[in-house]
Amino acid sequence: MERLEQLLNPPQLEAVKHTEGPLLILAGAGSGKTRVLTFRIAYLIREKNVAPFNILAITFTNKAAGEMRERVDRLLEGRGAGVWVSTFHSACVRILRRYIDLIGYDTNFTIYDADDQKTVMKQVIKKLELDPKAFREKMLIGAVSSAKNEMISAEDFRADAGGDYRLEKIADAYAEYERVLKHNNALDFDDLLLKTVELFRKCPEVLASYQERFRYILVDEYQDTNRVQFVFVNLLARKYRNLCVVGDDDQSIYKFRGADIRNILDFEKHFPDAKVIKLEQNYRSTGTILDAANSVIANNRDRKAKRLWTDKGRGAQVTWRIFDTAYEEAEYIAGDILKEIARGGSLNDFAVLYRTNAQSRLIEEKLIFAGVPYQIVGGVNFYSRKEIKDMLAYLKIIESGDDDLSVRRIINVPKRGIGDSTIAKVQGFADMTGGHFLSVLEDPAAVPGIERARKKLEGFRDMIRDLRKDRTETTGIADILDRVIEVTGYIEDLKMEETEEADGRIANIEELRSKAVSFDELYEMADSLGEEVEGTGDRLRDFLEEVALVSDLDDLREDNSRVVLMTIHSAKGLEFPHVYLAGMEDGIFPGYRAVAGTDPGEIEEERRLCYVGMTRAKNRLTMTAAKTRMQNGQMQFNPVSRFVYEVADGLMEGYLPRQRYGADDDYDGYDDYGRDRYSDGGFGSRGFSGGSYGGYASGGSYGGSRSAGSYGGSSSAQRKSARPKPAYDLDAMKGANLVSADDEGPGYAPGDRVVHKKFGEGTVKEIKEGARDFEVTVDFDSAGVRKMFAAFAKLEKI
DNA sequence: GCCGCCAGTATTTTT
DNA sequence: TACTGGCGGC
């Protein structure tokens, strides 16, 4: 493996080759950590003859896991198939599905998301008659979640309350919340980790088997691990101690979710024999961008000393612009992107990053106006949209009836005349008898006081019965979904609304259906190849599980030519040639909470976030701010972000108002320091002033992609339709050279004869370009007409 | 049981 | 601004 020397720099190589014992890799932004991790796995298998089966690689996101999987597969040409590359949560789910019965749960548990947690907590507040003002569900969920992250049980919590009324009430809520989850055979996200650790502790033989299996463990983004995750990893690694963690303390940005930066800072305390390797050469950004980011992060006190460097050259200065209003800021960004494209830039070179999702609106608006195709990542997760959750609730009920929450969710959706009071009575009866909501419906007459609704309840019960019966006749998720839509009249109902919002919902359901279709394809493919599908083997259950553990971020499409908009949090781990950091204002970034708060740690976390944002940029970084902006419906006057002032001299181009001094407690916009602190200094909003859109003259040549029709409706419709996927006129863009037209086809065209492993020979009828892949319609000689995705179907032209 | 109106509230969120 | 939750009228 001599070529390793050519492919890796010395510290990277050392990290790859140091396979035995604990290893901490401090990997600065853009220093090639994924490269190190994947090469390390390949090295273990190829050079050290470690069985793939004995390796566990853990990431935080499905996207990262997918990427690592792919790269490992490529490096090992398929020999790495046995490696577990997985997120913390999916690794835990896999373990729990096998063994959770040992700690008193059913192995077909359902997973509750944030929305479900909210529903449960609301119910808890009602039941315990807590004052909803003093005990907000958000706060309670947060308290329970932190407790779980710290592995504090409800009993411990109560014991620790020490007679404090408020804490005791929270303990009550925690206990009741747990009771409801248990009754519904459900686990929340935190439970997935917690119960796995509990399982390991209570069943040493189970732990031992996994310890034996996972002799080599790799953990990515270690700085973002919380207490339970730390314990989980440490339990697994305790026997062989071949634990390799990779992270960057400067990129720890999830403290608010329980991430404990000490896990990485104290790694050497936990493992005194740990080898520490620093990766400080950055392969991503220009020297200027790197220096700018370094000078900002240098203001944090609690961090490991390191200094990223690059040999990429200085590159362009960081651009800094300040505007009178947030409108003008957004206009500038849209206009600047147009200008760059006119100079030959491509759409996916650009990313607009911001602190809060709310900031995306304006930018989105201006991009639409400028005719710039964009994709918003994040915001409301696809799978948490009402209509999607409704559909999934039906599927869940068909799969198992234990989840009262799902039943209650859709028992009156679409409207069936079953109201809150009836639902409350049925649930009350279920609670009293210790049964489940759905089982009570077997004999609704037994529930006192619901005579009028009895017929309706029976109708619902029968409908579910029928759906379940249908399910036994088909294994296809898409088929089941079709039945649900048909029987419930869900889409019919939406159609009658005749609103754009309803149309958006219908489109979302259709998208869910296409996801189901591709899931079916995957299953059938594996089936026909005689391969095992990862999972329980029950297709519906696997589908629900996958859907429970994915986010929109996983859908970020690299193949598509669009400007991406997202929060800085979502951008972690990504890189773009040109990054815009918008809203660089104290009160926005750092957020008002951190500014107003007394905890300097909060500002430090924001600063790390700023560091993450800046280091996403490869060649160009633009930071912008607005003097005024609407925030929560009110006009706000925010000072320039302190982080902008922290950028070292000589790296940034653009007028920066003179540094302000000291605390600014009665800040009102201008008066303390006089207007000059905000003067434009001869650039900035001038070209885009007065709220006119004249600034887009330069974009005129792209008018072809600007027509309203190409966006499929108003911007509000687009938001409602909710997928972060604005429709745009691809052809018009190709005409305007905004998009390269060299997309590769699947290697066959309509009319061609093809062969499929399972269905035999057939004729291609249609090829549609889908979200990720080509959707091919084939008329098979024996199996009839089938739609499938090219990547899965692996059709061969004959 | 349903619908519409008013008041209160407002980060980030890989899973 | 924009969403949610609670409450009162039909």
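To find a chain, count down the sequence lines: A is the first, B the second, and so on, and within it residues start at 1. Quantities reported herein were computed from a predicted structural model and do not represent experimental measurements.
- Residue-level contact check: A:Thr422 touches the backbone only, with heavy atoms under 4.0 Å from sugar-phosphate atoms and none from bases.
- In summary, A:Arg303 and A:Asp250 engage in a salt bridge, as defined by a charged side-chain N under 4.0 Å from a carboxylate O.
- At the heavy-atom level, A:Asp113 lies nowhere under 4.0 Å from the strands shown.
- When the nucleotides B:dT11, B:dT15, B:dT14 are ranked by their closest atom to the side chain of A:Thr87, B:dT15 comes out on top.
- No side-chain donor-acceptor contact under 3.5 Å links A:Arg608 and A:Gln223.
- Applying the 4.0 Å criterion to OP1 and OP2 of B:dC2, one finds that A:Asn412 has a side-chain N or O inside that range.
- Taking 4.0 Å as the cut-off between side-chain N and carboxylate O, A:Asp116 and A:Arg409 do not count as a salt-bridged pair.
- With respect to A:Arg642 and A:Glu606, no salt bridge is recorded, no charged nitrogen being found less than 4.0 Å from a carboxylate O.
- Per the geometry, NZ belonging to A:Lys572 stands 13 Å off C1' belonging to B:dT15, to the nearest Å.
- Taking the side chain of A:Phe60 as heavy atoms from C-beta on, and the options B:dT14, B:dT15, B:dT12, the nearest nucleotide is B:dT14.
- To the nearest angstrom, P of B:dT12 lies 21 Å from CZ of A:Arg607.
- A salt bridge is absent between A:Glu605 and A:Lys255; no separation between the charged side-chain nitrogens and carboxylate oxygens falls under 4.0 Å.
- At whole-Å resolution of the value, CG in A:Asn632 and P in B:dG8 are 16 Å apart.
- Contact check, A:Lys122 against C:dG5: a side-chain N or O comes under 4.0 Å of OP1 or OP2.
- Between A:Asn357 and B:dT13 there is a side-chain polar atom (N or O) within less than 4.0 angstrom of OP1 or OP2.
- For B:dT15, one of the phosphate oxygens OP1 or OP2 lies less than 4.0 angstrom from a side-chain nitrogen or oxygen of A:Asn62.
- Using a 4.0 Å cut-off, some side-chain N or O of A:Ser570 falls inside it from OP1 or OP2 of B:dT13.
- When distances run from any side-chain atom of A:His569 to the nucleotides B:dT15, B:dT14, B:dT13, the shortest one goes to B:dT13.
- Listed nucleotides: B:dT11, B:dT14, B:dC2. Nearest to the side chain of A:Thr356: B:dT11.
- Between the side chains of A:Ser384 and A:Asn381, not a single donor N or O lies within less than 3.5 Å of an accepting N or O.
- Considering only side-chain atoms of A:Tyr592, the nucleotide from B:dT15, B:dA10, B:dT13 that sits closest is B:dA10.
- Between A:Gly419 and A:Arg136, the residue whose closest nucleotide on DNA chain B is further toward the 5' end is A:Gly419.
- Across the protein-nucleic acid pair, A:Asp115 atom CG and C:dT4 atom C1' stand 12 Å apart, rounded to whole Å.
- Look at A:Thr567 and you'll find a side-chain N or O under 4.0 angstrom from OP1 or OP2 of B:dT13.
- Stacking annotation: A:Tyr254 is not stacked on the base of B:dT12 (requires ring centroids less than 5.5 angstrom apart and an interplanar angle below 30 degrees).
- Between the side chains of A:Tyr611 and A:Asn300, no donor-acceptor pair is found at a separation under 3.5 Å.
- Residues satisfying the salt bridge (Lys or Arg N to Asp or Glu O under 4.0 Å) criterion with A:Lys425, sequence neighbours excluded, are absent altogether.
- Residues from residues 448-456 of chain A that place a heavy atom under 4.0 Å from any atom of DNA chain B: there are none.
- Put simply, NZ on A:Lys138 is 11 Å from P on C:dG5, counting in whole angstrom units.
- Rounded to a whole Å, the NZ atom of A:Lys118 is 14 Å from the C1' atom of B:dT13.
- Mapping A:Gly591 and A:Ser421 onto DNA chain B via the closest heavy atom, the residue that lands nearer the 5' end is A:Ser421.
- In this structure, A:Glu606 reaches the bases: a heavy-atom distance under 4.0 Å links it to at least one base atom across the strands shown.
- At least one side-chain nitrogen or oxygen of A:Arg361 sits closer than 4.0 Å to the OP1 or OP2 atom of C:dA2.
- Checked against the 6.0 Å centroid threshold, A:Phe256 and A:Tyr254 count as a close aromatic pair.
- For A:Lys415, the side-chain atoms get nearest to B:dC3 when compared with the rest of B:dC3, B:dT12, B:dT15.
- Atom CZ in A:Arg355 sits about 16 Å away from atom P in B:dA10, given to the nearest Å.
- Rounded to an integer number of Å, the gap from CD of A:Gln631 to C1' of B:dT9 is 14 Å.
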